[in-house]
There are 2 protein chains.
Amino acid sequence: MRGSLGYCEFVTDTPSKPWTMQQIAAAAGVSVTTVSHTLSGKRPVNPATAERIQKLIAEFEYVPDSGAQRLKSGRSGMIGLAVPDISHWYFGRIARGVEEVADELDYGLIICSTSNSDPRREKRYFNLLRTRSIEGLIYTASREISASDELVRVSGSSPIVFADERVDALPDVPSVTSSNFVGAQVLGRHLRDLGHTRAVIIAGFAGLHSTIERTKAIKESFPNALTLHGDFELKSGYDLVSDLLAHEVRFTALFGCNDYMAIGAMTRLREAGLRVPEDVSVVGFDDVDMAAIVTPGLTTVRQDMAEIGRRSAHLLIAGLHAGGFDAVESESLPTELILRGSTGPAPQ
Amino acid sequence: MRGSLGYCEFVTDTPSKPWTMQQIAAAAGVSVTTVSHTLSGKRPVNPATAERIQKLIAEFEYVPDSGAQRLKSGRSGMIGLAVPDISHWYFGRIARGVEEVADELDYGLIICSTSNSDPRREKRYFNLLRTRSIEGLIYTASREISASDELVRVSGSSPIVFADERVDALPDVPSVTSSNFVGAQVLGRHLRDLGHTRAVIIAGFAGLHSTIERTKAIKESFPNALTLHGDFELKSGYDLVSDLLAHEVRFTALFGCNDYMAIGAMTRLREAGLRVPEDVSVVGFDDVDMAAIVTPGLTTVRQDMAEIGRRSAHLLIAGLHAGGFDAVESESLPTELILRGSTGPAPQ
DNA sequence: TTTCGGTCGCAACTCGTTTTGCAAAATGCG
DNA sequence: CGCATTTTGCAAAACGAGTTGCGACCGAAA
């Protein structure tokens with residue numbers, strides 16, 4: 001059949017319906033119980049019959065129907081990961097880490113882009129929890145915590161872990177984040193040590209925990225730093241620097257709340273004839289792959305996103321097995337200063 | 001309970017077990033049939049009772065158990081997407097497109113990284129098809145088509161669509177790809193028109209359809225182009241150029257089979273004191289976001305990855321509904337030449 | 001009042017697997 | 001050889017929703 005022109009059925013050599021345990025049992029001349037026990041090993045089965053059954057299973061390529069197993073066990077064996085946009089490098093790394101652990105611990109993973117907190121989508125994904133399609137959710141907040149009503153309600157009754165971004169309004173939900181404060185503190189001191197005094201901060205969304213922490217840390221070194229808010233995208237760094245230049249704001253150090261905004265800013269600075277780092281030092285946060293490629297290389301703070309994903313998954317699945325979380329289980333991961341060419345001594 | 005120290009159960013105000021249709025029916029004083037019909041509308045229900053039931057459903061936040069629905073209907077409402085590595089920009093974009101359409105057409109999406117064709121993982125994901133956890137699979141090939149035995153068998157009996165990479169050994173499986181040949185052809189002509197005569201190709205994995213097509217197209221303009229094979233990563237472009245330099249190979253044009261390798265190559269060229277584009281013109285393929293950021297900007301061919309994802313999803317789901325594919329449904333999407341600063345006239 | 005067509009609700013079975021109580025067979029030991 | 005164990009297998013009841021045949025009830029027409 002295959003290879004002929006026109007319409008092509010899925011099924012050719014294999015039977016259209018998959019085999020049921022019933023049929024295997026019939027073929028082996030035993031009852032379903034025996035087949036089931038052969039597979040699960042929850043009761044001893046005569047080695048001879050067991051072998052005969054195994055052979056038939058292999059021959060028929062029988063696989064138990066996951067729907068039926070789910071119904072019976074009440075467990076779906078799946079967890080969910082909600083990210084603002086899976087196509088971002090940043091969230092892709094988290095996803096990779098989560099997937100790694102989920103796979104290792106025999107859980108399936110459903111990844112959901114919330115399209116930057118599109119409420120309709122978010123509701124759908126929370127529904128995955130309600131319908132028991134997933135047993136738990138790793139939630140990566142994007143902007144401010146929207147849909148909070150929904151989130152609060154869901155977080156009360158279902159296993160949720162926050163990854164990357166803690167939500168202050170929900171202190172009882174475990175979270176895995178980077179040490180935003182310490183990371184930014186190191187950056188601040190680095191630039192202060194280089195003699196800079198006038199700094200500008202291109203911060204992220206105002207409501208985010210990470211933004212707040214990083215800004216606070218930098219202000220420790222630069223109490224008067226001018227703070228603008230962007231949306232974490234390249235363009236936003238670019239545009240905000242345009243604004244600064246239009247107002248002839250004077251500064252020698254620029255903090256991007258993430259690398260993309262820092263790189264966008266750097267691009268705009270160079271377009272305006274300013275040299276990096278001779279005239280302005282620029283730093284970012286994250287250490288995305290692009291940070292090493294741009295010229296000059298971007299001084300930044302490395303976050304281990306994959307590790308955040310891994311730890312979140314471990315936390316969630318541990319909670320699943322235990323039936324609850326210890327309230328104190330939140331973790332914050334160390335960061336690392338990566339020095340590159342975008343920072344230098346303050347100009348005279 | 002919440003907020004107290006130590007152990008914290010998931011369930012506080014909400015009952016530990018979700019409501020069943022049974023319980024709703026009992027509360028409303030009717031039978032499950034009535035509740036079911038109220039929801040599905042497959043039979044008329046007294047408006048008064050219907051309203052009472054609806055109210056109870058809303059109050060209890062009842063949602064039908066997806067496992068039970070699956071078992072009964074035989075449909076899981078999920079499709080799978082297998083990509084080599086979800087943390088890559090490239091595959092993230094595809095995933096985004098797939099997700100968009102899946103969401104729109106009311107399918108759930110399970111994303112699986114195959115870790116560059118780790119056979120163990122791949123087997124697991126094919127098993128999702130067998131266990132009916134997913135109804136169909138969008139498969140994005142990574143290196144050569146490994147696990148072909150398994151893939152051939154699965155593709156014969158289950159709905160599969162190839163995205164991004166066609167598999168020549170399985171011509172009957174529908175695919176959605178970019179027009180690799182035409183895209184590369186345009187690049188080749190562009191550089192030939194600039195007067196280049198000595199070109200080097202940094203190709204991808206030798207077994208991939210895209211690599212073959214692109215190489216063939218470039219050789220149309222540069223029949224004697226020296227062809228090396230990399231692994232699509234930055235480092236690989238960098239290292240291969242090191243090799244070229246070590247052998248003092250002379251060339252004025254360099255084709256990267258993807259942007260990352262092209263950018264890696266560009267980096268190495270500059271480190272060797274060669275100017276881009278004055279001494280060597282460099283082109284890539286894909287138009288990743290980084291291509292616009294590096295200096296000089298990378299001339300490349302844009303692929304619409306998200307669209308590839310969208311079309312694949314449409315194709316798969318259409319096939320699911322129809323119960324089979326038309327053999328001729330494969331699509332190839334147009335590409336677009338993006339001119340930036342990395343190409344210029346050949347040096348004298 | 002009877003009958004008819006239609007509306008609506010109930011009990012009972014189905015999906016495929018897991019798990020139980022129970023009985024039959026096989027084994028051990030005195 | 002008989003009794004007490006262990007093995008080993010079967011039938012039946014779950015899990016939660018969807019579906020069907022059937023009968024109860026309604027109002028309206030004869």
Side-chain angles (χ1 to χ4, degrees), chain A residues 15-54 56-57 60-78 127-135, chain B residues 15-54 56-57 60-78 127-135:
Chain A
S16 66
K17 288 291 164 194
W19 299 101
T20 73
M21 190 181 273
Q22 192 64 251
Q23 296 172 289
I24 302 287
V30 297
S31 77
V32 283
T33 316
T34 313
V35 178
S36 178
H37 287 326
T38 310
L39 287 170
S40 69
K42 295 215 170 177
R43 271 204 199 167
V45 172
N46 187 321
T49 34
E51 193 190 353
R52 196 173 65 229
I53 291 171
Q54 291 287 10
L56 283 169
I57 287 178
F60 290 175
E61 294 190 320
Y62 164 78
V63 189
D65 181 285
S66 60
Q69 284 185 314
R70 269 210 48 196
L71 175 57
K72 190 58 188 159
S73 69
R75 304 189 339 103
S76 66
M78 299 256 174
N127 258 350
L128 288 177
L129 278 171
R130 293 224 190 78
T131 64
R132 314 255 123 173
S133 281
I134 57 177
E135 297 177 32
Chain B
S16 67
K17 288 292 165 195
W19 299 101
T20 72
M21 191 182 270
Q22 193 63 251
Q23 295 171 288
I24 302 287
V30 297
S31 76
V32 282
T33 317
T34 313
V35 178
S36 179
H37 288 324
T38 311
L39 287 170
S40 69
K42 295 213 172 182
R43 269 201 201 172
V45 172
N46 187 321
T49 37
E51 193 191 352
R52 196 174 65 229
I53 291 170
Q54 291 287 8
L56 282 169
I57 287 178
F60 290 176
E61 294 189 319
Y62 164 77
V63 189
D65 180 286
S66 60
Q69 285 185 316
R70 267 210 51 194
L71 176 58
K72 186 61 185 156
S73 69
R75 302 190 340 101
S76 67
M78 298 256 175
N127 258 349
L128 288 177
L129 277 171
R130 295 225 189 77
T131 63
R132 314 253 123 173
S133 280
I134 57 178
E135 297 176 32

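Since the model is a prediction, treat every value here as computed from it, not as a measurement.
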Just checking Thr49(A): base, sugar-phosphate only, or nothing, at a heavy-atom cut-off of under 4.0 Å? sugar-phosphate

Base, sugar-phosphate, or nothing: which does Val45(A) touch, judged by heavy atoms less than 4.0 Å apart? sugar-phosphate

Scan Thr34(A) against the nucleic acid and name what it touches under 4.0 Å (heavy atoms): base, sugar-phosphate only, or nothing. sugar-phosphate

Has the side chain of Arg70(B) got a donor or acceptor that lies under 3.5 Å from a partner of the other kind on the base of dG18(D)? no

Between P of dT17(C) and CG of Leu39(A), the distance in whole Å: 10 Å

Taking only side-chain nitrogens and oxygens of Gln22(B), does any of them come within less than 4.0 Å of OP1 or OP2 of dA17(D)? no

Heavy atoms only, 4.0 Å cut-off, all strands: where does Thr33(B) land among base, sugar-phosphate and nothing? base

Please confirm whether any donor atom in the side chain of Arg43(A) sits under 3.5 Å from an acceptor in the base of dG21(C), or the reverse. yes

Can you measure Leu71(B) atom CG to dT19(D) atom C1' for me and round it to whole angstrom units? 14 Å

Whole angstrom is fine here: how far is it from CH2 in Trp19(A) over to C1' in dC15(C)? 18 Å

With a 4.0 Å cutoff (strictly under), does any side-chain N or O of Tyr62(A) reach OP1 or OP2 of dG16(C)? no

Regarding dA17(D), can its base be found pairing with the side chain of Ser73(B) as donor and acceptor, where the two atoms are less than 3.5 Å apart? no

Please determine whether a side-chain nitrogen or oxygen atom of Ser36(A) lies at a distance below 4.0 Å from atom OP1 or OP2 of dT18(C). yes

